[in-house]
Amino acid sequence: MTADGVFNAWFSLMTTVSVLLLVSLGLAVVFGLRRVINLAHGEFIMFGAFATLTATRAGVGLWGAILIAVAVTAAFGLVVELTLIRHLYERPADTMLATWGLSLILVQLADLIYGSVTEGIPTPLSSFGVGDYSMSTYNLVLIGVAWTLAALTWLVMRRTRYGLLTRAAAQNPDMAAGLGVNTRRVATWTFAYGAGLAGAAGAVLAPVVGVIPTMGQLYVARSFMAVIVGGPAFLAGTVGASTALGTVENLVSRGYTPVIGQAMLLVAAIVILRFLPQGLTGGRRRGGLV
């Protein structure tokens, strides 16, 4: 393979890995820190995409629309936590049922408001060439956003007072509450932060995928697999799992078809969990939940 071909393969691989990381981060925060199994995670991604679509239709530039979508989705997550999730902590079965119902409602609302026809947002920026290959410049933005959000989340959780309180409330909520931590407020802002990350994923993906009510279903299963395979250190684990599973999906898809690639991603997740039941970070001590 020529140097051009190697770069093209690497660029394609990084795009696949980054998309998986991008759509998994919000779920990783919510599940890793609050143990909430949010079956509406895909609809939060869809919410962010439609918020971006609505803002661009109103005349807002794409970059401004993405920022608006992140803020709106985070605010929506705040409302969901206060009205629904707050009453269901420590009740995983009830949480799953409630968020599944929420996902159905959101899909139907999106269908009523926007219809089921695929909507498009023009992809910004142009393409660049490397030898005989043409590549999308916007994919560079997508890769950059995914890894920037991962780095930002690490900084928030490891270098801020909020991150310290969040980790304390997740590891030992009773002791944290006894020391004066408002665990309810921490839980609310954590869920909103995870929702904002999901909204960011939908907003950034909106120019490169069809924005339809069911688009979240394309990503939710892979997101859950990345988070579960990642293990208890939600951030390091999700980054590692996204890299491993995304690599399998990309390589198989290039050799066969995208459908077989997604199927092999599932097989790879099963194999990893067979030999590492606690996930990739199951034996990790230093760094705790992060």
Side-chain angles (χ1 to χ4, degrees), residues 11-27 40-77 102-103 105-129 133-150 152 192-223 242 246 249-250 253 258 262:
F11 188 72
S12 173
L13 175 62
M14 282 300 300
T15 301
T16 302
V17 169
S18 298
V19 168
L20 183 55
L21 175 62
L22 187 63
V23 299
S24 302
L25 273 176
L27 182 65
H41 175 70
E43 282 59 51
F44 280 93
I45 294 174
M46 176 268 291
F47 194 103
F50 272 111
T52 305
L53 176 64
T54 302
T56 55
R57 283 180 174 180
V60 180
L62 177 62
W63 311 116
I66 289 175
L67 293 177
I68 291 172
V70 174
V72 170
T73 311
F76 178 68
L102 177 64
S103 72
I105 292 171
L106 290 176
V107 169
Q108 291 303 312
L109 283 176
D111 187 67
L112 288 173
I113 296 171
Y114 295 95
S116 57
V117 178
T118 299
E119 298 285 351
I121 297 175
T123 303
L125 308 177
S126 58
S127 60
F128 65 96
Y133 299 94
S134 179
M135 307 172 199
S136 171
T137 305
Y138 185 75
N139 281 4
L140 285 175
V141 175
L142 191 153
I143 293 169
V145 168
W147 293 94
T148 298
L149 288 177
L152 176 63
Y193 182 72
L197 289 174
V204 174
L205 288 171
V208 294
V209 299
V211 182
I212 57 176
T214 57
M215 64 175 290
Q217 297 173 10
L218 300 174
Y219 304 106
V220 67
R222 281 180 283 176
S223 298
S242 296
E249 180 181 5
N250 180 267
S253 296
Q262 293 179 23

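The shown structure was predicted, so the numbers you read here are calculated from the model rather than taken from an experiment.
- Rounding to the nearest 0.5 Å gives a distance of 11.0 Å between CD1 of Ile68 and OG1 of Thr73.
- If you take CZ on Phe128 and CG on Asn139, they are separated by 8.5 Å, rounding to the nearest 0.5 Å.
- Of all the heavy atoms in Ala150 and Leu21, the pair that sits closest is CB-CD2, 4.2 Å.
- Of all heavy-atom pairs spanning Ala40 and Leu102, the tightest one is CB-CD2, 4.1 Å.
- Closest heavy-atom contact between Ser126 and Thr137: O-OG1, 2.7 Å.
- Here the options are Leu22, Leu20, Leu27, the test is side-chain contact (heavy atoms from CB on, under 4.5 Å), and the partner is Ser24; only Leu20 passes.
- Between the Ser223 side chain and the Val23 main chain, a donor and an acceptor come within less than 3.5 Å of each other.
- Summarising the geometry, atom CG belonging to Leu125 is positioned 7.5 Å from atom OG belonging to Ser136; distances are rounded to the nearest 0.5 Å.
- Once rounded to the nearest 0.5 Å, the distance linking CG of Leu205 with CG of Leu142 reads 5.5 Å.
- Side-chain contact between Leu140 and Phe11: present, with at least one pair of heavy atoms (C-beta onward) separated by less than 4.5 Å.
- Contact check for Leu25 versus Tyr193: no side-chain heavy atoms found under the 4.5 Å cut-off.
- Annotation for Gly42 and Val220: closest pair N-CG2, 4.0 Å, computed over non-hydrogen atoms.
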*side-chain contact (heavy atoms from CB on, under 4.5 Å) between Val141 and Trp63: does it pass, once the steps are laid out?*
CA-CA 11 Å; Val141 175; Trp63 311 116; 4.0 Å; yes
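- A parallel orientation is assigned to the rings of Phe76 and Phe47, their planes being inclined by less than 30° (bins at 30° and 60°).
- Residues Val60 and Ala65 come closest through the heavy atom pair CG1-N, 3.5 Å.
- Distance check: Leu53 CG to Ile121 CD1 gives 5.0 Å after rounding to the nearest 0.5 Å.
- Remark: the backbone N or O of Tyr219 is not paired with any side-chain donor or acceptor of His41 at under 3.5 angstrom.
- For Gly77 against Ala195, the heavy-atom pair with the smallest separation is CA-CB, 3.7 Å.
- Contact of the Leu106 side chain with the Met46 side chain is registered, since non-hydrogen atoms from C-beta on lie closer than 4.5 Å.
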*Can you check side-chain contact (heavy atoms from CB on, under 4.5 Å) on Trp147 and Val17, steps first, answer last?*
CA-CA 10 Å; Trp147 293 94; Val17 169; 4.1 Å; yes
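- With hydrogens and angles ignored, the 3.5 Å screen pairs a side-chain donor or acceptor of Asn250 with a backbone N or O of Ser12.
- In this structure, Ile113 CD1 and Gln108 CD are separated by 11.5 Å, a value rounded to the nearest 0.5 Å.
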